[in-house]
Every structure is written in structure tokens, then in C-alpha cells.
2 protein chains.
Amino acid sequence: MLLPSPQQLRYLVALADHGHFGRAAAACAVTQSTLSAGLIALERQLAAGLLERGTAVKRPVFTPLGLELVARARTALAALEAVAETAAIARDPLSGPLRLGIIPTISPFLLPRLMPALRQAYPRLRLWLREDLTERLVAGLDAGKLDLLILALPAAGNMETLPLAEDAFHLALPRGHHLAARDPVPISALSGERLLLLEDGHCLRDHAEAACGLPRNLAATAEEGFSATSLHTLVQMVAGGLGVTLLPQLAIHGGILGDAPVDIRRLSGAATPGRMLALAWRPRSPRAAEFAGLAPTVAVALG
Amino acid sequence: MLLPSPQQLRYLVALADHGHFGRAAAACAVTQSTLSAGLIALERQLAAGLLERGTAVKRPVFTPLGLELVARARTALAALEAVAETAAIARDPLSGPLRLGIIPTISPFLLPRLMPALRQAYPRLRLWLREDLTERLVAGLDAGKLDLLILALPAAGNMETLPLAEDAFHLALPRGHHLAARDPVPISALSGERLLLLEDGHCLRDHAEAACGLPRNLAATAEEGFSATSLHTLVQMVAGGLGVTLLPQLAIHGGILGDAPVDIRRLSGAATPGRMLALAWRPRSPRAAEFAGLAPTVAVALG
DNA sequence: GAGCATGATCGATGGAACCGATTGAAACCT
DNA sequence: AGGTTTCAATCGGTTCCATCGATCATGCTC
């Protein structure tokens with residue numbers, strides 16, 4: 001079978017991305033004439049119409065087949081890149097740019113310890129960071145805008161995960177709260193309390209609800225329409241006596257309490273309540289082995 | 001990023017397949033010098049050692065990285081082929097070679113009706129047939145040796161499936177059997193009977209056991225170490241009074257009984273006992289839409 | 001040690017990819 | 001309506017590289 005040239009596929013993808021011959025050509029670092037001729041050659045070779053010719057108005061219009069081929073061209077180019085990338089990584093592992101996504105309930109407690117450790121262990125690693133909710137990180141991973149995630153399981157998405165460490169949930173109480181007399185506090189004892197959690201979208205909220213056996217999204221927020229947007233504000237709300245909350249061990253260990261008048265108690269229940277911190281990457285990523293090599297360093301920084 | 005050329009990747013894959021420079025070159029329709037130079041250029045471009053040079057004795061020896069890259073090169077080439085194939089199919093759907101796998105409990109009852117219908121509807125389709133157990137068909141599909149399967153669900157494997165028609169199980173009894181007095185016969189009434197099934201490996205056995213609520217692989221065989229290898233022999237064993245069995249509607253409709261002294265009764269139970277006949281193909285196959293277009297013709301042939 | 005098989009190397013060549021300039025056509029502005 | 005702008009297709013000329021055929025180097029076999 002006669003294969004299309006990668007260069008021509010690049011032209012096709014670039015045209016789809018930019019919607020303009022000249023700009024697409026510039027993005028490919030060729031002249032417009034080259035790109036135009038390349039696409040015509042591709043159409044001729046595939047014996048298929050990719051663009052609506054003749055009715056040319058302002059923007060190039062793809063045929064349905066053209067759009068389908070754009071998508072397939074993207075995956076083919078990605079597969080070719082994977083070949084080159086695999087070789088590049090074998091040549092020089094854990095160096096170069098790495099786009100890392102971290103969820104907000106891990107980031108502030110991990111990064112201050114992780115970054116220096118990584119700088120020392122892998123000085124040639126150029127780390128780009130993005131903090132966001134799990135859902136958006138996974139979308140970024142899928143779209144190829146992120147290479148590696150640090151998140152909490154269980155999490156939905158098409159990715160390979162590598163568990164790092166269990167992160168237990170503890171109960172945070174306003175000082176003097178009657179539950180503080182018990183340690184550990186059985187989860188069932190929380191049923192009468194006002195449980196404060198992060199606003200919807202944070203996986204910590206889902207995991208905490210699951211740990212308490214609550215149906216999803218039914219935990220109380222402090223007031224209607226007002227919910228905590230970070231663990232730090234959540235702690236302040238608990239300190240203010242608005243309710244109780246669950247805090248991950250990682251955050252407590254990271255000093256989130258400060259001087260706030262909040263007491264911490266262990267929890268007991270059917271299963272140990274908590275979440276699993278993990279690395280995640282695209283399935284069959286060329287850098288999978290590389291990422292797995294990072295796991296010990298991250299695990300140490302998790303404490 | 002500088003991409004490797006498809007041609008060089010073909011050289012790499014061909015060398016891995018043939019284990020010999022000369023034969024690999026012949027398979028690529030180039031001279032040995034061209035292939036050799038191409039691989040050296042690839043090594044230089046990727047700045048990676050793919051072959052154990054110097055110690056070259058009888059056969060080329062790949063480095064671990066080389067083997068990894070061979071695998072990635074295969075997927076990259078397959079992705080490029082998918083681009084070309086998508087265009088070819090759009091140009092001329094349902095023509096050319098199609099390698100079809102069918103399980104033995106469908107094949108003899110479907111093909112006599114399906115083949116003429118396909119020949120008439122798609123005269124340019126060149127159909128290659130393979131009859132085998134589900135497991136081996138799925139393996140062939142994965143390996144790219146088959147394009148399309150006709151099988152019975154539920155079935156395990158990495159594939160997209162398109163349900164065609166329900167195929168109900170009926171009870172086959174030796175003439176004069178006491179259960180023949182009832183119609184339908186409740187599944188629970190089978191518990192005292194000797195239930196004959198196909199030998200292990202046939203999905204029909206698994207599905208029939210599931211329909212009867214039996215744990216897997218516990219149905220009786222006629223004698224220890226002797227089990228039926230086809231539905232036709234199974235019918236003869238029932239006719240001989242060795243026990244009872246379940247037959248799919250498709251087989252009965254296909255005339256499997258002939259003149260054998262066997263009575264057929266409907267079955268009743270919690271769920272309608274039966275299996276789902278379906279088409280199956282590789283996920284994201286360029287020909288997915290094409291295959292789905294075959295479904296009506298196959299469904300009609302199923303009766 | 002002669003003979004053979006295998007893979008690397010070399011010089012020549014044809015074709016493909018590319019560029020810069022130009023043309024042709026449609027849309028926009030006044 | 002007419003001039004202007006924008007955009008894609010086309011053309012001629014140049015460069016570069018994959019390929020070929022032939023030769024060389026090496027290690028195994030008899």
C-alpha cells in the first residue's frame with residue numbers, strides 16, 4: 001500500500017488547525033505554494049476530495065472525508081512522534097520539558113518538598129506546572145497539553161495510573177467540639193454533624209462523601225450558595241465553628257492548620273477512609289517508563 | 001520534532017520480520033545497500049543504537065531500544081495505512097478483500113444463505129472465510145489477520161460489536177421424552193436431566209450454561225472424556241437417548257434436525273435464554289462504517 | 001586457506017520537495 | 001462600477017536525498 005508522506009499529513013492538519021493556507025504554511029515553515037501543492041498531491045495520491053474546491057470563499061472547507069482524514073492524520077503523526085520520542089527518551093531520560101498537572105488539594109502540600117528534590121535529582125528536567133481540577137487535568141492529558149498528572153484515585157479517565165501512597169482522611173473539629181473526646185471517631189458519629197466540604201468539582205469532595213457513605217453531592221455546604229474553594233478556607237470555616245470537615249493527612253502534615261483553633265482526630269469505619277495518590281499518564285505513552293521512574297522521588301516528597 | 005520517514009520504519013520492521021538484510025530488502029523492493037543505508041540513517045537521526053553492530057554474526061541482533069522502536073514503528077505504519085485505507089474505502093466501499101471469521105455454531109447455518117446474498121449485493125467484495133472458536137477469532141482480529149467477525153455475545157476481547165439478532169435457545173429431547181409433554185419447559189425442570197453440551201472452548205457451551213444458571217464448565221458430557229465437537233453430532237447423541245441439550249434457534253431453523261427423532265420445546269425462565277449474534281471489528285477500524293453497512297444483509301440471512 | 005554469505009561503503013543519478021514569482025478569482029471598499 | 005485586497009493555484013528553476021550498482025570488509029564453513 002502506498003503510504004501518504006508525513007509532511008503532507010502535516011500540511012493537512014495544519015490547514016485544519018489554522019483554516020488558512022498562508023498561516024498553515026507558515027506554521028509548517030514552508031511557503032504557501034508548497035503547502036498548496038502538497039495538499040493537491042495528497043488528494044491526487046489518495047484519489048479523494050479533501051477540500052471543497054471552486055466554491056472557495058473565505059476559509060477552506062473540508063469535505064466529510066477530509067475531516068475524517070484530518071483526525072486519522074493526527075493519530076498517525078502522533079504515532080510517528082512516539083517513535084522519535086521513544087528514542088529521544090532512551091538517549092536522555094528525565095530531561096527536557098515535562099508538563100505536570102496537579103490537583104489543588106495536593107499541590108500546595110507537595111510542591112514545596114517535591115520541586116527541590118526534583119531539581120536536585122534531575123537537574124535537566126524542565127518542569128511546567130498546572131494546577132486544576134481532576135476533570136480538566138484529564139482533559140488536558142488527553143489533548144496532549146499535559147504529560148503527567150498527580151491526582152487522587154479513584155478518578156475517571158483514559159489513562160494509566162501508578163499508585164504512590166495512601167492519604168488517609170482525618171476529622172477536623174472546632175476546638176472544644178464534643179466529638180474531640182473520642183479518638184478514633186467512628187464515621188457513623190458524623191451523621192449528626194454539619195459536614196463542610198469543598199465546592200463541587202473537587203475530587204476530594206467526592207472521595208470524602210464516599211468515605212462517609214453519603215450519596216454524591218449531598219453533603220452540606222456552609223450556607224446555600226456558598227462553599228469552600230480551598231482547603232485553607234475550609235479550615236478557617238471549621239475554626240469559626242461553622243461545622244466539621246475531613247482533611248487529608250497530606251494537608252495536615254503540610255501544616256495547613258497553622259494556629260487555627262482546630263482539633264484533629266482519627267477516623268474509624270468499615271474501610272480506612274482516605275484516597276490513593278497516584279501518577280497518571282496517557283496509555284502507551286513513550287515516556288511511561290520514565291514517569292514510573294519519578295515515582296520514588298514523588299513518594300518521598302509525599303512524606 | 002523531526003519525524004522518521006515511513007520508508008525507514010518499513011525497513012526496520014521488515015528487518016525484524018525477516019531477520020536478514022537481504023531478504024528484508026527484497027520484501028521492501030529495494031536493494032540491500034539501500035536498506036542498510038536507510039537503517040544507518042535512521043539510527044543517526046534518532047541518535048540511538050538499534051542494532052548490535054560489530055558482533056554481527058549470523059542474524060541481525062536488535063538492542064532493547066531497537067525492539068521497542070520496532071513495535072512503535074509497526075503502530076505508526078498501521079496508522080499511516082489507516083489514512084490511506086480510509087480514503088480508499090470512501091472511494092469504493094464494500095469492495096476488495098474482506099477476511100471474515102465465523103464461529104462453528106453459526107457458520108453452517110448462516111453461510112449458505114449469506115454468501116449468495118453478499119455476492120449479489122456487493123459483487124466486488126472478495127470474501128475470505130475462517131471458521132474457528134471465538135477465542136482464536138478474536139486473537140486473529142487483534143493480530144490483523146481477520147477484518148470482521150460474526151460471533152455470539154457476550155464475548156471477551158478488545159473489539160467493537162454490533163448486535164444483529166437474538167438467537168433463542170430451545171430444548172432438544174429424544175422422541176418420547178417425558179418433558180416433551182410440556183411447552184414451554186421451565187429451565188428449572190432441567191435440573192434432573194443429563195444435559196449434553198459441546199466440548200469446552202465453544203462459546204455456545206458457556207452461553208448455555210449461563211442460561212441454565214449453571215456454574216461454568218459443570219454440565220455433563222455424554223461420557224467421561226467424550227464430548228460433542230459439533231452441533232450435528234450433538235443432535236445425533238440426543239437422538240440416541242444419551243441426554244438432552246439446548247439448540248440455538250438458528251441451527252434448528254437451518255435444518256440441523258433432519259430426520260433425527262428429536263423433539264424441540266420452547267424454554268421459559270427468568271430471562272429468555274439465548275445469545276446475541278453480532279458483528280465485531282477492531283476498535284477504530286477505518287472500515288467500521290463499511291462493516292456496519294453489512295449488518296442488514298447479515299441480519300436478513302439470519303432469518 | 002579457499003570459498004561463501006552477509007552487511008557496510010562509495011560514486012553517480014533521477015526524482016521529489018521546495019522556493020519565489022506570477023496568475024486568476026472572489027470579496028471588499030469607496 | 002471600478003479599484004483594491006485577499007487568497008489559493010500554478011509555473012519554472014534549484015537543491016537535496018533516496019536509491020542503485022558495484023565494491024569492500026568481515027567472519028564462518030569446509
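In what follows, every chain begins at residue 1, and chains take the letters A, B, ... in the order their sequences are listed.
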| Interatomic distance, Leu3(A) atom CG to Glu85(B) atom CD [nearest 0.5 angstrom] | 11.0 Å

| query | Under 3.5 Å, is there a donor-acceptor pair between the Ser36(A) and Ser33(A) side chains? | reply | no

| task | Using distance alone, with no hydrogens and no angle criterion, decide if Glu131(B) and Ser107(B) have a side-chain donor and acceptor under 3.5 Å apart. | result | yes

| message | Quiz question: going by heavy-atom distance under 3.5 Å, is there a donor-acceptor pair between the base of dA8(C) and the side chain of Gln32(B)? | response | yes

| field | hbond_proxy Ser33(B) side chain to dG21(D) base (donor-acceptor, 3.5 Å cutoff) | value | yes

| request: Provide the full list of salt bridge (charged side-chain N to carboxylate O under 4.0 Å, His left out) pairs with a residue in residues 15-40 of chain A, sequence neighbours left out, each pair given once. | output: Asp17(A)-Arg74(A)

| note | Looking only at dT19(D), dC19(C), dA8(D), the nucleotide nearest the Thr34(B) side chain is dT19(D)

| task | Not counting sequence neighbours, list each pair that qualifies as a side chain to side chain donor-acceptor pair (under 3.5 Å) and has a residue in residues 136-152 of chain B. | result | Arg99(B)-Asp147(B), Asp132(B)-Arg136(B)

| field | Annotated protein contacts, base or backbone, on nucleotides 11-16 of chain C with a non-hydrogen cut-off under 4.0 Å, one of B, S, - each | value | ------

| request: Using atom CG of Leu12(A) as one end and atom P of dA8(D) as the other, report the distance to the nearest whole Å. | output: 14 Å

| said: In this structure, how many angstroms lie between the C1' atom of dA27(C) and the NE2 atom of His20(A), rounded? | reply: 13 Å

Which side-chain N or O atoms in residues 110-121 of chain A pair as donor and acceptor under 3.5 Å with protein atoms at least two apart or in another chain?
from, atom 1, to, atom 2, distance (Å)
Arg113(A), NE, Ala301(A), O, 2.8

| Bracket string, DNA chain C, 5' to 3' - pairs by Watson-Crick or G-U geometry under 3.5 Å, | interstrand | ||||||||||||||||||||||||||||||

| Residue-level proximity of residues 37-51 of chain A to DNA chain D when a heavy atom falls under 4.0 Å | Ile40(A)

| query | Looking for any heavy atom pair under 4.0 Å, which part of the strands does Ala25(B) touch: base, sugar-phosphate only, or nothing? | reply | nothing

